[in-house]
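Below: one structure, written as C-alpha cells.
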Amino acid sequence: MAEAALKAEVEETQDLTDGFSLVIDAMKLNGLNTIYGVPGIPITDLGRHAQAAGIRVLSFRHEQNAGYAAAIAGFLTKKPGVCLTVSAPGFLNGLTALAHATTNCFPMILVSGSSEREIVDLQQGDYEEMDQLAIAKPLCKAAYRVLHAQDIGIGFARAIRAAVSGRPGGVYLDLPAKLFAQVISADAGAKSLVKVVDAAPAQIPAPTAVKRALDVLKAAKRPLIILGKGAAYAQADDAIRALVEKSGVPFLPMSMAKGLLPDTHPQCAGAARSTVLKDSDVVMLVGARLNWLLSHGKGKAWGDAPKKFIQVDIEPKEMDSNVEIAAPVVGDIGSCVSAMLDAMGGSWPAAPADWMGSVTAKRDENVAKMAPRLMNNKSPMDYHGALGALRTIIKERPDAILVNEGANTLDLARGVIDMYKPRKRLDVGTWGVMGVGMGSAIAAAVETGNPVLAIEGDSAFGFSGMEVETICRYQLPICVVIFNNDGIYRGTDQNASGGPDPAPTVFVKGSRYDKMMEAFGGTGVNATTPDELKRAVNAAMDSGKPTLINAVINPAAGSESGRIGNLNPQSKLRKK
Ligand SMILES: Cc1ncc(C[n+]2csc(CCOP(=O)(O)OP(=O)(O)O)c2C)c(N)n1
Ligand SMILES: [Mg+2]
C-alpha cells in the first residue's frame with residue numbers, strides 16, 4: 001500500500017515543476033549561463049541546482065565582488081551579468097555593484113532571495129528582514145518582485161529587457177524564499193517561460209540629425225572625436241574605426257575605450273589630451289558623457305576657444321546635460337556610426353593638415369619626454385619603471401585583459417600602457433570606485449578565457465583581496481600585480497599628533513601580499529626591480545596559473561590622489 005502511494009506520488013511529481021527549476025529554465029532559455037554569487041538561505045539550493053543544470057556558478061567570498069564581476073560581465077558580453085545573493089546583508093553587499101553598474105551603463109541583474117512578505121511588511125522581525133525592493137529602486141534602472149512561480153518567466157524577461165535595452169544598467173529582481181518551493185504543473189511552467197526576442201532593439205538615428213552632425217564636423221577647423229566606454233560596449237568596432245579613419249580627425253579614447261583603435265594609431269591624441277581639449281573647435285562625443293571625467297565640457301581644461309559639440313548617445317536626456325549640444329545624434333552607437341559613415345559618402349575632405357600636424361607634434365613630444373622614465377631600472381621601483389615593464393608585456397600580448405585600480409597606480413598605468421584591442425582595459429569606471437579589481441579580473445577570465453593582468457594599488461587590492469582564494473579555487477589565468485607603496489597615495493605620511501598610530505593613509509611597511517596567494521596554492525613572487533617584475537609576469541602569463549606579484553614601489557613615489565588631487569577640498573586655513 002505504502003509502495004503504491006509512493007509510486008503515485010513519483011508519477012504525480014513528474015508532471016510538476018517548482019520555483020527553483022523555473023528560475024534556472026528562464027535563465028538558460030535566455031542564454032544567461034553564468035551566476036556570480038554567494039550562497040546561503042534561501043538561495044543555496046538554487047546555486048546547486050543551477051550548477052547541476054549546466055549553469056556556471058562562481059561562488060565568491062563577498063557579494064560586492066560577485067556583483068562587480070556580474071557588472072563587468074555585462075559590459076564584455078552585452079548580456080546582463082547575473083549576481084545572486086541572500087537576503088538583507090547579502091543583498092546590501094551586492095547593492096553597491098548594482099548602483100555601480102547603473103552609473104556605468106553596464107547591464108546587470110542582481111537576483112536576491114528575500115524573506116517572507118507577510119512578516120517583512122508587518123515588520124515582525126523575520127530572519128534577515130528587509131524591504132529590499134524599496135531600497136533597490138532608486139539605485140537601479142528597474143526593480144521587480146516575483147510572487148508566483150508562474151510569473152518567473154515574465155519576471156526574467158522584464159529584467160533582461162530593462163537591463164540591456166536603451167541605455168543599459170542594473171536591474172534588481174526580488175525572489176522571496178517561498179517562491180522557490182512553489183510547485184506548479186510542468187506544462188504550465190513550460191508555457192510561462194519567455195524567450196526574449198530582440199532584447200536591445202536597434203535605435204536608428206534620424207537622417208536629419210545625422211546630416212546636422214556631419215555639417216558641423218565638416219565645417220570644423222580643429223575637430224576632435226572622443227570615444228567613451230559606450231562606444232566600446234557597442235561592439236561596433238569596425239564601423240567606429242572606419243568612421244574615425246574616414247574623417248581623419250584626431251581621437252581621444254576615454255579610459256575603457258582605449259584599444260577601440262590602437263593607442264599607437266596615427267590619429268590617437270591620447271598623449272596630447274590637454275592640447276586637444278583646449279584647442280579643438282568641434283568635439284564629437286561617441287558614447288562618452290560630459291561628466292566630471294571630461295570636466296563637464298567647460299572651464300579651464302577646455303580653454304577659451306568657442307566650441308561646438310556633437311553628441312552620439314542612445315539616451316536623449318544626455319543631450320545638454322552640461323553644455324549645449326549643437327548636434328545631438330540619438331540612437332544606438334552602432335546604428336549612428338553606420339548612418340554617419342553612409343552619409344559621409346565617398347569624398348569626405350581630409351582633416352585640416354595644420355591641426356593634425358600640431359596634434360601629432362605635441363603627442364610625439366610628450367611620448368619622447370616619457371620614454372626615458374619608462375626605462376629606468378631603479379630599486380625600489382618608481383611607478384614609471386614598473387609600468388615600463390608591464391607596458392611591453394601588453395604590447396607583446398594584446399589579447400590579455402588589463403584590470404586596473406588604485407590612485408597613482410590607476411592614473412599612471414592608464415597613461416603609460418598602450419592598448420591595442422577593444423574592451424581589453426577594465427577599470428574603476430565613472431565613480432572611480434576601489435574594489436572592482438578581483439571581481440573584474442575573475443569575470444574577464446571566465447567570460448573571455450583570455451589571460452588577465454590586474455594592476456592594483458595596495459589599497460585598491462585590499463577591498464577585494466580575499467577573492468584570491470576564488471581565483472585559486474577556479475584556477476583562473478589571472479596575474480595580479482600589487483603596486484605596494486605601503487599605503488594610499490604614498491607610504492610616507494606621519495601622524496601629526498606624534499602619537500603611536502600610523503597616519504590614516506599608511507599601511508604596514510614591507511608587507512608581502514605574495515604570501516596571500518601562496519596560502520591558497522597559487523604562485524607568489526616578490527619583485528623589487530622592473531626586470532624581476534617583467535620575468536615574473538611573463539612566467540605567469542605563459543603558465544596561466546594564478547599568480548600574485550608583490551611589486552615593491554618606493555613609498556615616496558606617488559602623489560596625493562594620483563592625477564585628481566585638485567578635487568580635494570582646500571581650505572585656506574589649512575595649507576598643505
Ligand atoms: C570604494 C572607495 N573607497 C574609497 C575610495 C578613495 N580612494 C581613492 S584611491 C584610493 C586608494 C589609493 O591607494 P592605492 O590603491 O594604494 O594606489 P596608489 O596611489 O598608492 O598607487 C582610495 C582609498 C574610493 N575611490 N572608492
Ligand atoms: Mg598604494
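One-based numbering, in listed order, for ligands and for the atoms of each. All values derive from a computational prediction rather than experimental measurement.
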Got an N/O contact under 3.5 Å between Gly406 and ligand 1? no

Quick one: which ligand 1 atoms are inside 4.0 Å of a heavy atom on Ala460? 15 (O)

Donor-acceptor pair, distance only, cut-off 3.5 Å: does the side chain of Lys141 make one with the backbone of Ala162? yes

Check the angle between the aromatic planes of Phe106 and Phe75 and answer parallel, tilted or perpendicular using the 30° and 60° thresholds. tilted

Would one find an N or O of Val433, backbone or side chain, under 3.5 Å from an N or O of ligand 1? no

Ligand-side contact atoms (ligand 1) for residue partner Thr409, heavy atom cut-off under 4.0 Å: 17 (O), 18 (P), 21 (O)

Ligand 1 atoms in contact with Gly457 (distance to a heavy atom under 4.0 Å): 14 (P), 15 (O), 16 (O), 17 (O)

Could you check atom 2 (C) of ligand 1 against the protein and tell me its nearest heavy-atom contact, residue, atom and distance included? Met434 N, 3.8 Å

Aromatic ring pairing His265/Phe251, orientation class (parallel under 30°, perpendicular over 60°, tilted between): perpendicular

Should we say atom NZ of Lys509 is surrounded by more than 12 heavy atoms from elsewhere, each under 6.0 Å from it? yes

Test: Arg167 and Asp313 ion pair at under 4.0 Å: yes

Check this for me, if you would: do Glu532 and Arg535 make a salt bridge, where the nitrogen-to-carboxylate-oxygen distance has to be below 4.0 angstrom? no

Does Trp431 approach ligand 1 within less than 4.0 angstrom via side chain, backbone, both or neither, non-hydrogen atoms only? neither

Number of protein N/O/S atoms that sit closer than 2.8 Å to the Mg ion (ligand 2): 3

Within-shell test, Phe483 vs ligand 1, heavy atom, strictly < 4.0 Å: no

Whether Asp427 and Lys229 form a salt bridge (side-chain N of Lys/Arg under 4.0 Å from carboxylate O of Asp/Glu) is what I want to check. no

Output yes when Asp542 and Arg397 qualify as a salt bridge under the 4.0 Å nitrogen-oxygen rule, no when they do not. yes

Ligand 1 and Glu405, any nitrogen or oxygen pair closer than 3.5 angstrom? no

Starting from atom 17 (O) of ligand 1, locate the nearest protein heavy atom and write down its residue, its atom name and how far away it is, to 0.1 Å. Ala407 N, 3.2 Å

Taking atom 6 (C) of ligand 1 as the reference point, report whether a protein heavy atom occurs under 4.0 Å from it. no

With a 4.0 Å cut-off on heavy atoms, is Gly462 in contact with ligand 1? no

Any N/O pair Arg490/ligand 1 closer than 3.5 Å: no

Pair Arg391 + Asp418, salt bridge at N-O below 4.0 Å: yes

In terms of side-chain geometry, is the basic nitrogen of Lys534 or Asp531 positioned less than 4.0 Å from the acidic oxygen of its partner? no

Within the structure, does Phe463 bring an N/O atom to less than 3.5 angstrom of an N/O atom in ligand 1? no

